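Written below as structure tokens is the structure these notes are about.
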Amino acid sequence: MALSHLRRAVIGLVVAMPLAAGMQVAASAAPAARTVYFDNSQAGEFAKAWEDAAVVWNNSVKNVKLAKGTSANSSIRILVDNGWPRAQPGRLGSGTVWMGRTAVNQGYHVPRIATHELGHILGLPDRKPGPCSSLMSGSTGGVGCKSVAPNGAEAAEVDRNFAGSRTAAA
């Protein structure tokens with residue numbers, strides 16, 4: 001029993017000594033998320049929808065953050081045309097996405113389209129057919145689907161995709 005009290009006293013001294021000596025105990029900082037820049041300067045009337053989609057992803061995942069950039073520093077190029085929305089991913093976190101006016105004219109939800117297409121750049125495949133609750137179900141969620149956030153499984157997959165690419169905090 002006395003040995004138990006002695007152990008606690010020694011442990012208390014070991015913990016308290018650096019603090020009493022004025023030493024600071026540094027908390028280990030988690031690595032910062034990888035920042036991926038997008039250029040929406042050629043997104044026409046849908047430029048804000050892409051910025052909003054980036055906010056949705058930034059609020060849903062921790063290992064990657066999307067930020068507005070310029071054509072010179074962006075790995076994601078965003079365009080608009082009269083076709084169907086689509087993505088042409090490159091390596092993880094890069095590629096080209098299109099907001100196609102065909103889907104918009106058919107009544108599909110613009111914010112969902114933008115968030116869905118960015119999901120491809122973040123490494124997610126289409127999951128069709130699927131329910132509205134699955135962002136990557138895309139158009140099979142239906143014209144009335146207004147869900148713009150990835151579900152828990154989709155967010156976790158993106159975090160796993162970018163887990164090894166986090167950068168050290170500065």
Side-chain angles (χ1 to χ4, degrees), residues 30-169:
R34 176 176 161 197
T35 301
V36 174
Y37 294 94
F38 64 90
D39 173 18
N40 64 343
S41 65
Q42 297 177 0
E45 66 271 30
F46 303 108
K48 177 138 177 20
W50 294 101
E51 293 170 16
D52 293 345
V55 169
V56 169
W57 278 110
N58 290 344
N59 289 335
S60 301
V61 297
K62 65 179 185 255
N63 290 340
V64 62
K65 294 299 170 199
L66 297 168
K68 187 174 177 180
T70 65
S71 60
N73 75 344
S74 295
S75 61
I76 303 172
R77 185 174 172 214
I78 301 173
L79 305 171
V80 60
D81 68 10
N82 293 323
W84 195 256
R86 61 202 178 279
Q88 185 178 43
R91 68 186 187 287
L92 186 62
S94 69
T96 303
V97 291
W98 287 263
M99 176 64 71
R101 291 186 184 102
T102 297
V104 174
N105 293 339
Q106 289 179 13
Y108 286 94
H109 191 53
V110 170
R112 179 175 170 86
I113 295 169
T115 309
H116 170 90
E117 297 305 335
L118 285 177
H120 290 306
I121 300 302
L122 300 176
L124 299 178
D126 280 323
R127 296 209 167 92
K128 297 178 180 182
C132 178
S133 60
S134 169
L135 176 65
M136 299 315 292
S137 71
S139 62
T140 64
V143 173
C145 180
K146 305 285 189 244
S147 175
V148 298
N151 63 33
E154 292 164 334
E157 185 175 347
V158 169
D159 273 332
R160 281 192 306 275
N161 291 345
F162 283 88
S165 66
R166 289 173 64 124
T167 57

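Only a predicted model underlies this, so the values are computations on that prediction, with no experimental measurement involved.
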Inset, instruction - Test Glu45 against Arg101 for side chain to side chain contact (heavy atoms under 4.5 Å, CB included), laying out the working first. - result: CA-CA 10 Å; Glu45 66 271 30; Arg101 291 186 184 102; 2.9 Å; yes
Legend entry - Nearest-0.5 Å distance that lies between atom CG in Asp126 and atom NE2 in His120: 3.5 Å
Legend entry - Tyr108 OH: over 12 foreign heavy atoms closer than 6.0 Å: yes
Legend entry - Asn105-Thr102 side chain donor-acceptor pair, cut-off 3.5 Å: no
Inset, instruction - Find the distance between CZ (Phe46) and CG (Leu79) and round it off to the nearest 0.5 Å. - result: 12.5 Å
Inset, instruction - Considering non-hydrogen atoms only, spot the tightest contact between Ser137 and Lys128 and give its length. - result: O-CG, 3.4 Å
Legend entry - Distance-minimising heavy-atom pair for Ser75 and Val36: OG-CG1, 3.4 Å
Inset, instruction - Taking Asp159 for its side chain and Val61 for its backbone only, find out whether a donor-acceptor pair lies under 3.5 Å. - result: no
Inset, instruction - Write down the atom of Ala43, the atom of Trp50, and the distance for their closest heavy-atom approach. - result: CB-CD1, 3.7 Å
In a table with atom names and distances, give each donor-acceptor pair under 3.5 Å that connects a side chain of residues 91-100 to protein atoms at least two apart or in another chain.
unit_1	atom_1	unit_2	atom_2	d
Ser94	OG	Arg91	N	3.1
Ser94	OG	Arg91	O	2.8

Inset, instruction - Drop me the distance from Phe38's CZ to Thr70's OG1, to the nearest 0.5 angstrom. - result: 11.5 Å
Legend entry - Atom pair CG/CZ of Leu66 and Arg34 - distance to nearest 0.5 Å: 10.0 Å
Legend entry - Sidechain-backbone polar pair: Arg112 side chain, Cys132 backbone, donor-acceptor under 3.5 Å: yes
Tabulate below the donor-acceptor pairs under 3.5 Å that side-chain atoms of residues 142-157 make, not counting sequence neighbours, or state none.
unit_1	atom_1	unit_2	atom_2	d
Asn151	OD1	Ala153	N	3.1
Asn151	OD1	Glu154	N	2.8
Glu154	OE1	Leu135	N	3.2
Glu154	OE1	Asn151	N	2.8
Glu154	OE2	Ser134	OG	2.9
Glu154	OE2	Leu135	N	3.2
Glu154	OE2	Met136	N	3.0
Glu157	OE1	Arg127	NH1	3.4
Glu157	OE1	Arg127	NH2	2.6
Glu157	OE2	Arg127	NH2	3.3

Inset, instruction - Could you pull out the closest heavy-atom pair between Val80 and Gly44, with the gap in Å? - result: CG1-N, 3.9 Å
Inset, instruction - Heavy atoms only: give me the nearest Ser139-Trp84 pair and the separation to one decimal. - result: CB-CZ2, 4.1 Å
Legend entry - CG-CG distance between Leu122 and Asn63, expressed to the nearest 0.5 angstrom: 11.5 Å
Inset, instruction - Compare every heavy atom of Pro89 with every heavy atom of Ile121, then report the nearest pair and how far apart it is. - result: CD1-CA, 3.8 Å
Inset, instruction - Output the distance between atom CG (Leu118) and atom CD1 (Ile78), rounded to the nearest 0.5 Å. - result: 5.5 Å
Legend entry - Side chains of Glu117 and Ile76 in contact at under 4.5 Å (non-hydrogen atoms): no
Legend entry - Within 6.0 Å of NZ in Lys68, more than 12 heavy atoms from elsewhere: no
